[in-house]
Amino acid sequence: MLRKVQAIIEEEQNRAGAIEMLMPTIQPADLWRESGRYDAYGREMLRIKDRHDRDMLFGPTNEEVITDIFRKSVRSYKQLPLNLYHIQWKFRDEIRPRFGTMRSREFLMKDAYSFDLNKQEARRTYYKMFVSYLRTYFRMGLTAIPMKAETGPIGGDLSHEFIVLADTGESGVFCHADMLEKAIPPIDVDYEGDLSPIVDDWTSLYAATEDMIDMEEFERDVPQDKRVAARGIEVGQVFYFGTKYSEALNAQVTGPDGKEVAVHSGSYGIGLTRIVPALIEAFHDEDGIKWPVSVAPFEVALLNLKSGEGSCDDVCESLYAQLNNGGIDVLYDDTSEGAGAKFSTADLIGIPFQLIIGPRGVKSGEAEIKHRRTGERESVPLEGAAARLSALIKPERRDKI
RNA sequence: CGGAGUAUAGCGCAGUCUGGUAGCGUACCAUGUUCGGAACGUGGGGGUCGCAGGUUCGAAUCCUGCUACUCCGACCA
């Protein structure tokens, strides 16, 4: 699942014009002294020494490193805009890690860092990431709501958190109910065009976390029957922070007028190791997980109800090959468990479709398809099973819309 | 760091109050009957009761001190 989540993020980042790279996990303390954050950052920063007794740290975030890379390699405004991202492990020595990987000290994050000549250009980049995030969560099957956010220790004046509603969420959230139904920008959205109508639309309705909520404003702007007060999981955040690091670290380019100017930056994070538990929170029932197709570990669970029985084995092996050849991810359960155990296990691990093959069906030339999400079942002829599954699965991948 | 709880078989738990050398479910092994929603019978293996010390004829159980984990608060993707 983690890899599928990562692939979706990469595709949508690339589509929005960001470029993938990889930064180190261990960073020199001197860079952080330059930005002033070495002392500003609290005990959450894990500080270590190398063999030369130099102060190092396990990166809690990467603004300093990327700004250093930028200042050493970019000289002219003609090289802008630039938006670089990486997917890398980070470490924050949390006071209290909890909820499995929801809040762990070591976690995998996608971070994009943008560099623009001025604030107007930086805002355009911010909008690209905003739209890209809407698409990214949608493709994973999640409804993520952008909410006004505090800018925190990173600083800056434009920031949104993306929140997935879940009863077990860490923070209270308040929003207009229509936020949950908004249309997602399509695959052919023009990232070079004017994105402000989309962003304006998505930020026109009230949505805020408990840290930012203004109850009077909420009650004034949102009709009573549209008020949603719930709990949510933060799955991403976008910041514009201007010249905060470029000034501290001297990241300048020569502008069109021949003068040196500090670049305007933003950063855009998605916590991959948090997305996975958020998905499980969003998609489960009393029997187990119900993965959306786009992030499921497998798309089909092929259940051989009587493995070892010649005709069942033959049919299953043929279907397994057909599905694989058709580009479908299949998990083949050919264990010697009883039928009931196989059903329950498939439900538990949440594969979106079960293709059920038993002696009864083989005799009558039929297979059964169970939709994990809805519980719906359908009978299909054995010859048509692979094609039927392919038709069910491909639109659910959400990779073409 | 403050508050609360837990630690006994691979996993989930009971037993601790009232001390007598450990049990249930599940999983595992063998075997027979089952075979489309986690089947049933019979037989079997598996535990220094978190660690260290103390009380006692005898400690999973009582006392003291540790350690680890979980939950609540402060931190945050």
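By convention in this document, chain letters (A, B, ...) are assigned in the order of the sequence lines, proteins followed by strands, and residues within each chain are numbered from 1.
Considering only the side chain of A:Q237, B:A77 comes nearest among B:A38, B:G37, B:A77. Taking every side-chain heavy atom of A:R274 into account, B:A77 is the closest of B:A74, B:A38, B:A77. Checking B:A77, B:A74, B:A38 against every side-chain atom of A:L348, the shortest atom distance belongs to B:A38. Of the candidate nucleotides B:A77, B:C75, B:G37, B:G37 has the atom lying nearest to any side-chain atom of A:R377. Distance from the side chain of A:K370 is smallest for B:G37 among the nucleotides B:A77, B:C35, B:G37. When each of B:A38, B:G73, B:A77 is scored by its nearest atom to the side-chain atoms of A:A341, the top-ranked nucleotide is B:A38. Taking every side-chain heavy atom of A:R96 into account, B:C71 is the closest of B:C71, B:A77, B:G37.
On the P atoms, B:G47 is 39 Å away from B:G2, given to the nearest whole Å. The separation of B:C75 from B:A38, taken at their P atoms, amounts to 48 Å, rounded to a whole angstrom. B:G20 and B:A4: their P atoms are spaced 30 Å apart (whole Å). Rounded to whole Å, the separation between the P atoms of B:U61 and B:C51 comes to 11 Å. Comparing the P positions of B:G41 and B:U48 gives a spacing of 30 Å, expressed to the nearest Å. Across the P atoms, B:G23 and B:G15 are found 16 Å apart, a figure rounded to whole Å. Rounded to a whole angstrom, the distance from the C1' atom of B:C11 to that of B:C66 is 27 Å. Taking atom P on both B:U67 and B:U26, the two are 38 Å apart, rounded to the nearest angstrom.
Taking a pair to require two hydrogen-bonding distances under 3.5 Å in either a Watson-Crick or a G-U wobble arrangement, B:G41 pairs with B:U31. A 3.5 Å limit on both hydrogen-bonding distances identifies no Watson-Crick or G-U partner for B:A14.
Side-chain atoms of A:R274 never come within 3.5 Å of backbone atoms of A:I270 as a donor-acceptor pair (strictly under, hydrogens ignored). The closest donor-acceptor contact from the side chain of A:D201 to the backbone of A:S204 lies at 3.5 Å or more, if one exists at all. Side chain of A:T243 to backbone of A:V263: no donor-acceptor contact under 3.5 angstrom is found.
Taking OH of A:Y127 as the reference point, atom CG of A:L195 lies at 9.5 Å (rounded to 0.5 Å).
For the salt bridge (charged side-chain N to carboxylate O under 4.0 Å, His left out) with A:E299, the lone residue among A:K394, A:R397, A:R372 that qualifies is A:R397.
Stacking is not found between A:F343 and the pyrimidine-like six-membered ring of the B:A38 base under the 5.5 Å centre-distance and 30° plane-angle cut-offs.
With rounding to whole Å, A:R43 atom CZ is found 10 Å from B:C1 atom C1'. If you take CD of A:E286 and C1' of B:G37, they are 14 Å apart, rounded to a whole angstrom. Atom CG of A:D347 and atom P of B:A38 are 11 Å apart (whole Å). If you measure from atom CD of A:E210 to atom P of B:C75, you get 11 Å, rounded to the nearest angstrom. The CZ-C1' distance, from A:F99 to B:G73, rounds to 12 Å in whole Å.
Residues A:E106 and A:Q354 both approach RNA chain B. Their nearest nucleotides, taken by heavy-atom distance, put A:Q354 toward the 5′ side.
Around atom CD of A:E216, no more than 12 heavy atoms belonging to other residues, nucleotides or ligands sit under 6.0 Å away.
Between A:R98 and B:G73, a side-chain N or O to OP1/OP2 separation shorter than 4.0 Å is present.
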